[in-house]
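Convention: sequence-line order gives letters A, B, ...; per-chain numbering from 1.
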Number of protein chains: 2
Amino acid sequence: MNARSPATLVADTGRGNEAAILNAALDAFGAQGFHGASMRDVAKRAGTSLSNLYNYVPSKSRLLAEVLRRANDELAARLRAALADAGDDAASRLREAVRAYVRFIVDHQVAMVVSTNEVRYLTGADRAALVAERDATQAVFEDIVAQGVADGTFATPYPDDAARAVLTALSAVAGWYRADGRLSRGQLAEQQARYALALLEAPLAR
Amino acid sequence: MNARSPATLVADTGRGNEAAILNAALDAFGAQGFHGASMRDVAKRAGTSLSNLYNYVPSKSRLLAEVLRRANDELAARLRAALADAGDDAASRLREAVRAYVRFIVDHQVAMVVSTNEVRYLTGADRAALVAERDATQAVFEDIVAQGVADGTFATPYPDDAARAVLTALSAVAGWYRADGRLSRGQLAEQQARYALALLEAPLAR
DNA sequence: CTCGCATACGAACGATCGTTCACCACCGAA
DNA sequence: TTCGGTGGTGAACGATCGTTCGTATGCGAG
């Protein structure tokens, strides 16, 4: 297992129970939602005491912010890496971006679910930072689509909105994906890539 | 304003504050989430007392269930009506279904948001009933897609999964739609219909 | 008129919430 | 050997939670 597909989102940080606490928070928020999970739940999952959580995180909402920041960083890193290895044409760049996105969902489904469902409970600077990171990710897709529309690869009449439609359909995969489902990792990625290209009205092999 | 586009999801029920309470619950759950909103919040929004809520609903989770049931009923009724008026060919049936869905989102955005985000907090029979209704809605779309694939209208190689992709992209619209946005109701519906047809790989006017 | 039910209310219950506190064990540096 | 910082604990704080209770008011049926 390499660095791009860890079993847990947060690897050991070299600081006591920090990684265990962050991963436990992710699981707890994923299972019961931010307001449905208590700090006691997080502590129990992390195998430590309630009060010890506050040696690592100043509050529950900052705990959510920290977890979401790490999840988003990992997704952004994967997208960057995938696009660095991709070619120059819009179709293959989009394909690689979609594949990287799907693989992130498969590897970190809970992180993706929490990311989409619980961001809205953040406030102030924490929320602004997350939204900015998410906008940056969206811009990556918009740029690819714009490039494809410019050179005639994509025929969609609504480039920016179509890019968003692709992204939302993609992140919704986290809501229904099951590891024991009919499709393998690769098949799922391939399927979603085809949906994305079709939605953008790229000519497809029929 | 006709019966298909009410200002609030629940019209007067002829029973005291019932409608006000259900609509207030919808707003409260939409604004703060199921666990983030308290029964006191609901009471305040409904303009009544906390204890009076329990003259209408036996528990908070049943309140959520009741609200979601009514939302889903309204959506299903609109879909049925739209398809009754539609033609026989798969493309126009899909178009009408998508348009009805989008119009429901525009009219009852909060209901759609709560429906997708908070169903998971239901348990037992309440959850099962909702899931069954949702599966029925999905089956409507799957049937249309299957018909279109059978007669050659749609070229997608993954009919059922594509139908689900269309549906999830569609319901995600509730997450970002803004009434003061760039697109009108009709334009938004038209756009989403085009996305759906493209995703299903229907031949489009280019 | 009066009885019964529907509708409504404030106050309170026990439970659980996020957070803080005082305290303890360990350990590398001075 | 002392000492400050790091990682850890159980107990407790005040606040808020969902829910219940006792009671009051108004109104249609008998």
Open item on the list: Between Arg69(B) and Glu66(B), does any side-chain N to carboxylate O distance fall below 4.0 Å?
Closed with: yes

Task: Listed nucleotide nearest any side-chain atom of Asn17(B), set dC9(C), dA8(C), dT19(C) - done: dA8(C)

- [ ] Scan side-chain atoms only and decide if Ser38(A) and Asp41(A) contain a donor-acceptor pair under the 3.5 Å cut-off.
- [x] yes

Task: From dT19(C), dG8(D), dT19(D), nucleotide with atom closest to Ser59(A) side chain - done: dT19(C)

Open item on the list: Counting only side-chain heavy atoms from C-beta out, which of dG8(D), dG18(D), dT9(D) sits nearest to Tyr56(A)?
Closed with: dG8(D)

- [ ] Determine the interplanar angle of the His35(B) and Tyr121(B) rings, folded into 0 to 90°, and report it as parallel if under 30°, tilted if 30 to 60°, perpendicular if over 60°.
- [x] perpendicular

Task: hbond_proxy Asn55(A) side chain to dG8(D) base (donor-acceptor, 3.5 Å cutoff) - done: yes

Open item on the list: Please pick, from dC9(C), dT19(C), dG8(D), the nucleotide with the shortest atom-to-atom distance to any side-chain atom of Asn52(B).
Closed with: dC9(C)

Open item on the list: Which is more 5' along DNA chain C, the nucleotide nearest Gly16(B) or the one nearest Ser51(B)? Just name the residue.
Closed with: Gly16(B)

Open item on the list: By nearest heavy atom, map Phe34(B) and Glu18(A) onto DNA chain D; which one lands nearer the 5' end?
Closed with: Glu18(A)

Task: Short N-O contact, Asp107(A) and Arg78(A), less than 4.0 angstrom - done: yes

Task: Listed nucleotide nearest any side-chain atom of Arg15(A), set dG7(D), dC17(C), dT9(D) - done: dG7(D)

